[in-house]
Amino acid sequence: MQPLHVYNTLARKKELFEPLNAPYVGMYVCGPTVYNYVHLGNVRTFLTFDTLYRYLTFIGYKVRYVRNLTDVGHLVGDGDDGEDKIGRMAKLEKVEPMEIVQRFTNDFHTVMKQFNTFPPSIEPTATGHMVEQIEAVQALLAKELAYESNGSVYFDIETYNQRGGNYGKLSGRILDDLLNETRELDGQSEKRSPLDFAIWKRAAPEHLMRWNSPWGEGFPGWHLECTCMSTKYLGKQFDIHGGGMDLKFPHHECEIAQGDGLTGIDPVRYWMHSNMLTVNGQKMSKSLGNSFLPSELFAGSHYLLEQAYSPMTVRFFMLQSHYRSTLDFSNDALKAAQKGYRRLANGLRVVKTMTYQAGEDSSSVDASDEARRQDIRQAVKQFYDAMNDDLNTAVGIAQLFTLLKYINMLYLSQLQASSLGEEVFNLLKESFITFMQDVLGLLEEGTNNQPVLEGLLTLYREYKEQRQYDKVDQIRSYFKAQGLAIKDMKHQIDWAYEE
């Protein structure tokens with residue numbers, strides 16, 4: 001199979017992935033600001049990098065995955081002035097800011113579990129790394145890459161660029177153009193340049209979250225926390241930094257400047273960004289009334305939704321598109337994803353029960369048997385090739401459906417395992433299970449009541465033999481209400497996820 005290539009936003013092209021210290025990989029992903037319920041745009045980002053984490057681990061890398069929680073410093077509007085998002089919510093609800101943090105951190109973890117994402121290796125918080133952030137501010141001041149103004153400290157972009165820096169290189173923005181586009185705003189007069197960004201902010205009297213510092217009471221700038229936490233746990237330079245496309249500028253641009261300013265080294269080798277979500281062709285936005293929460297998706301409670309959609313359906317839906325492409329939510333697309341997911345889930349359920357009988361004779365192989373074997377081998381190879389081509393889960397899922405075709409043929413007795421041979425049969429079974437569960441994170445849903453289902457199927461057979469069709473219909477109705485269907489086949493009676 002081909003080696004892994006990823007699209008590096010900084011280079012604007014796909015590049016061969018070569019870790020600094022293989023087989024070890026350091027990966028940092030910007031986590032949520034825990035002031036509200038996690039939204040679907042966040043979820044897509046975290047699913048993307050969960051899949052990358054899974055795949056890197058699957059192909060043998062030892063990954064340290066760091067994903068932070070922002071619990072201070074992220075101001076309304078994402079700029080250097082205004083209220084802290086968490087502080088503002090705390091004032092509205094008349095509670096302590098850390099109550100807001102705890103509530104929405106709990107919600108975030110619940111949602112991540114529902115989507116079957118792996119927890120990161122380390123999940124640091126901004127408030128837990130105040131010492132490191134104050135030390136970073138002091139270091140930048142000592143290097144004269146920052147300056148104090150009225151109790152706040154700002155990163156000096158002009159000085160950074162004069163010393164060989166290139167602020168704007170990640171987003172492709174030219175400094176002169178940025179200056180021409182920037183108007184002087186209230187509160188920016190204390191800056192030398194309107195593009196300079198805060199690494200420490202003086203706390204206004206009404207500001208709830210504040211810490212003592214050499215410059216007075218204040219709080220760290222939003223951009224600084226990621227620089228301090230990523231380098232603390234992954235080193236001055238590390239392999240992968242991920243996040244949503246909306247963070248590319250200014251957040252990630254500022255991270256590069258800070259990291260380079262502190263160490264003289266570009267902090268990240270591969271910058272990776274997931275794209276945005278739209279709804280029926282429009283940008284997902286609270287102001288447009290077309291944004292919805294994961295809980296609303298699962299319950300079908302939003303006015304734009306025609307029905308409920310399960311976590312695995314939504315995960316499958318997101319993986320059907322390449323992470324760098326725009327993803328459009330619509331009922332038709334979600335229904336199609338539900339059907340596709342359930343087809344694969346049915347295959348996953350039945351392939352786990354299949355075994356190759358040692359007594360089967362596989363010595364006689366005709367041309368059609370060899371073609372099937374080759375098709376299975378090719379589908380497995382193409383799955384790896386797709387994942388190695390910048391994590392192309394869309395193409396990878398297409399290969400799963402190729403494998404599913406042969407699983408269904410075996411299940412329906414249209415194909416004997418012996419015609420595949422033991423090696424290819426095992427390749428089919430093991431690849432389908434590991435690709436589905438371990439790499440893509442797609443699990444069977446609603447199987448916690450398996451003993452009940454099997455018991456009802458036994459009764460179903462008995463009632464059918466006794467021609468008690470009213471009771472047969474009752475059992476069918478129960479299965480249907482669970483999103484399941486009873487399959488009456490010539491050789492057996494079984495259940496499946498309703499497609």
Side-chain angles (χ1 to χ4, degrees), residues 37-55 108 110-118 242 244-245 273-285 290-349 383 386-387 390-404 432 435-446 483 497-499:
Y37 296 107
V38 62
H39 61 76
L40 285 169
N42 287 147
V43 169
R44 188 189 190 192
T45 296
F46 303 135
L47 286 188
T48 293
F49 292 102
D50 176 69
T51 306
L52 178 60
Y53 179 35
R54 287 170 174 273
Y55 186 63
F108 173 64
T110 296
V111 170
M112 290 297 98
K113 286 180 182 177
Q114 289 172 320
F115 280 110
N116 190 36
T117 65
F118 285 158
M245 195 74 75
H273 293 90
S274 61
N275 213 327
M276 62 183 287
L277 300 179
T278 58
V279 179
N280 298 320
Q282 285 187 306
K283 181 181 178 181
M284 184 179 286
S285 166
N290 67 352
S291 67
F292 33 79
L293 301 172
S295 59
E296 293 174 319
L297 263 180
F298 304 155
S301 58
H302 194 280
Y303 78 95
L304 287 173
L305 298 172
E306 295 176 5
Q307 64 177 68
Y309 300 96
S310 71
M312 288 299 101
T313 293
V314 179
R315 183 173 181 120
F316 177 81
F317 170 71
M318 290 188 176
L319 293 174
Q320 273 188 308
S321 295
H322 192 273
Y323 75 91
R324 286 193 290 113
S325 65
T326 302
L327 178 61
D328 188 56
F329 269 75
S330 70
N331 281 286
D332 288 344
L334 285 164
K335 287 176 184 176
Q338 178 177 270
K339 185 174 182 179
Y341 159 70
R342 287 180 174 177
R343 285 178 61 198
L344 290 176
N346 282 328
L348 182 62
R349 186 181 71 85
F383 181 91
M387 297 299 291
D390 191 33
L391 213 67
N392 197 330
T393 54
V395 173
I397 284 172
Q399 306 314 311
L400 287 182
F401 281 103
T402 298
L403 299 179
L404 178 65
F432 191 84
F435 292 167
M436 275 276 290
Q437 293 186 158
D438 298 341
V439 177
L440 299 179
L442 295 167
L443 303 177
E444 297 176 70
E445 288 181 316
Y497 299 100
E498 197 170 49
E499 298 173 12

Worksheet item: Of all heavy-atom pairs between Ser274 and Thr45, which one has the smallest distance, and what is that distance?
Response: OG-OG1, 2.9 Å
Discussion item. Going by side chain to side chain contact (heavy atoms under 4.5 Å, CB included), Met387 matches just one of Asn392, Val395, Leu52, Thr51. Which one?
Written reply: Thr51
Worksheet, complete the sentence: When every non-hydrogen atom of Phe49 is compared with those of Gly242, the smallest separation belongs to CZ-CA, 3.4 Å
Fill in: Rounded distance [0.5 Å steps], CG in Leu293 versus NE2 in His39
9.5 Å
Discussion item. Let me confirm one number: the CZ-OH distance from Arg349 to Tyr497, rounded to the nearest 0.5 Å.
Written reply: 7.0 Å
Item to complete: For residues Thr117 and Arg315, report the shortest heavy-atom separation together with the two atoms involved.
Response: CG2-NH1, 3.7 Å
Discussion item. To the closest 0.5 Å, what do you measure between CD (Gln320) and CG (Leu440)?
Written reply: 11.0 Å
Worksheet item: Picking from Phe316, Tyr341, Phe435, what satisfies side chain to side chain contact (heavy atoms under 4.5 Å, CB included) with Ile397?
Response: Phe316
Discussion item. Would Asp328 and Thr278 count as a side-chain hydrogen bond (donor to acceptor under 3.5 Å, both in side chains) here? Give the steps.
Written reply: CA-CA 5 Å; Asp328 188 56; Thr278 58; 2.6 Å; yes
Worksheet item: Going through the distances and angles, do Tyr309 and Asn331 end up as a side-chain hydrogen bond (donor to acceptor under 3.5 Å, both in side chains)?
Response: CA-CA 10 Å; Tyr309 300 96; Asn331 281 286; 3.0 Å; yes
Practice prompt. Identify the two heavy atoms, one from Pro294 and one from Val38, that lie closest to each other, and give their separation to 0.1 Å.
Written response: CD-O, 3.3 Å
Worksheet item: Does Asn280 use its side chain to pair, donor to acceptor, with the backbone of Ser330 at less than 3.5 Å?
Response: no
Response to the item:
To the nearest 0.5 Å, atom CG of Leu277 lies from atom OG of Ser321 at 10.0 Å
Discussion item. To the closest 0.5 Å, what do you measure between CG (Leu319) and CG (Leu442)?
Written reply: 6.0 Å
Worksheet entry | Beyond-backbone contact of Leu47 with Tyr323, side-chain heavy atoms, under 4.5 angstrom | no
Worksheet item: Taking all non-hydrogen atoms of both residues, which atom of Glu445 and which atom of Met312 are closest, and how far apart?
Response: OE2-N, 2.9 Å
Practice prompt. Begin from the C-alpha positions of Phe115 and Phe298 and carry the test ring-ring contact (aromatic ring centres under 6.0 Å, His included) through to its verdict.
Written response: CA-CA 11 Å; Phe115 280 110; Phe298 304 155; 5.4 Å; yes
Item to complete: Check whether NZ of the Lys or CZ of the Arg Arg343 lies under 6.0 Å from the centre of the six-membered ring of Phe401 and within 45 degrees of that ring's axis.
Response: no
Discussion item. If we ignore hydrogens and angles and just use 3.5 Å, is the side chain of Arg44 paired with the main-chain N or O of Gly244 as donor and acceptor?
Written reply: no
Worksheet entry | Geometric class of the Phe292/Phe329 ring pair [parallel <30°, tilted 30-60°, perpendicular >60°] | perpendicular
Practice prompt. Evaluate the side-chain contact (heavy atoms from CB on, under 4.5 Å) criterion for residues Met112 and Val43: first the C-alpha distance (whole Å), next the side-chain angles of each, then the deciding distance (0.1 Å), finally the verdict.
Written response: CA-CA 8 Å; Met112 290 297 98; Val43 169; 4.2 Å; yes
Worksheet item: Does the side chain of Thr402 come within less than 4.5 Å of Phe383's, by heavy atoms?
Response: no
Item to complete: Heavy atoms only: give me the nearest Asp390-Arg324 pair and the separation to one decimal.
Response: OD2-NE, 2.8 Å
Item to complete: Could you tell me whether the side chain of Leu297 reaches within less than 4.5 Å of the side chain of Leu334, counting heavy atoms only?
Response: yes
Worksheet item: Under 3.5 Å, side chain of Arg342 to main-chain N/O of Glu499, donor-acceptor pair present?
Response: no
Worksheet entry | Evaluation steps, side-chain contact (heavy atoms from CB on, under 4.5 Å), between Ser325 and Asn275 | CA-CA 6 Å; Ser325 65; Asn275 213 327; 5.6 Å; no
Worksheet item: Under the side-chain contact (heavy atoms from CB on, under 4.5 Å) criterion, do Met318 and Thr393 qualify, and how do the steps go?
Response: CA-CA 9 Å; Met318 290 188 176; Thr393 54; over 6 Å; no
Worksheet item: Which value, rounded to the nearest 0.5 Å, describes the distance between Gln282 atom CD and Ser291 atom OG?
Response: 12.0 Å
Discussion item. Run the side-chain contact (heavy atoms from CB on, under 4.5 Å) test on Tyr37 and Val111 for me, step by step, so that the C-alpha distance in whole Å, both residues' side-chain angles and the decisive distance to 0.1 Å come before the verdict.
Written reply: CA-CA 9 Å; Tyr37 296 107; Val111 170; over 6 Å; no
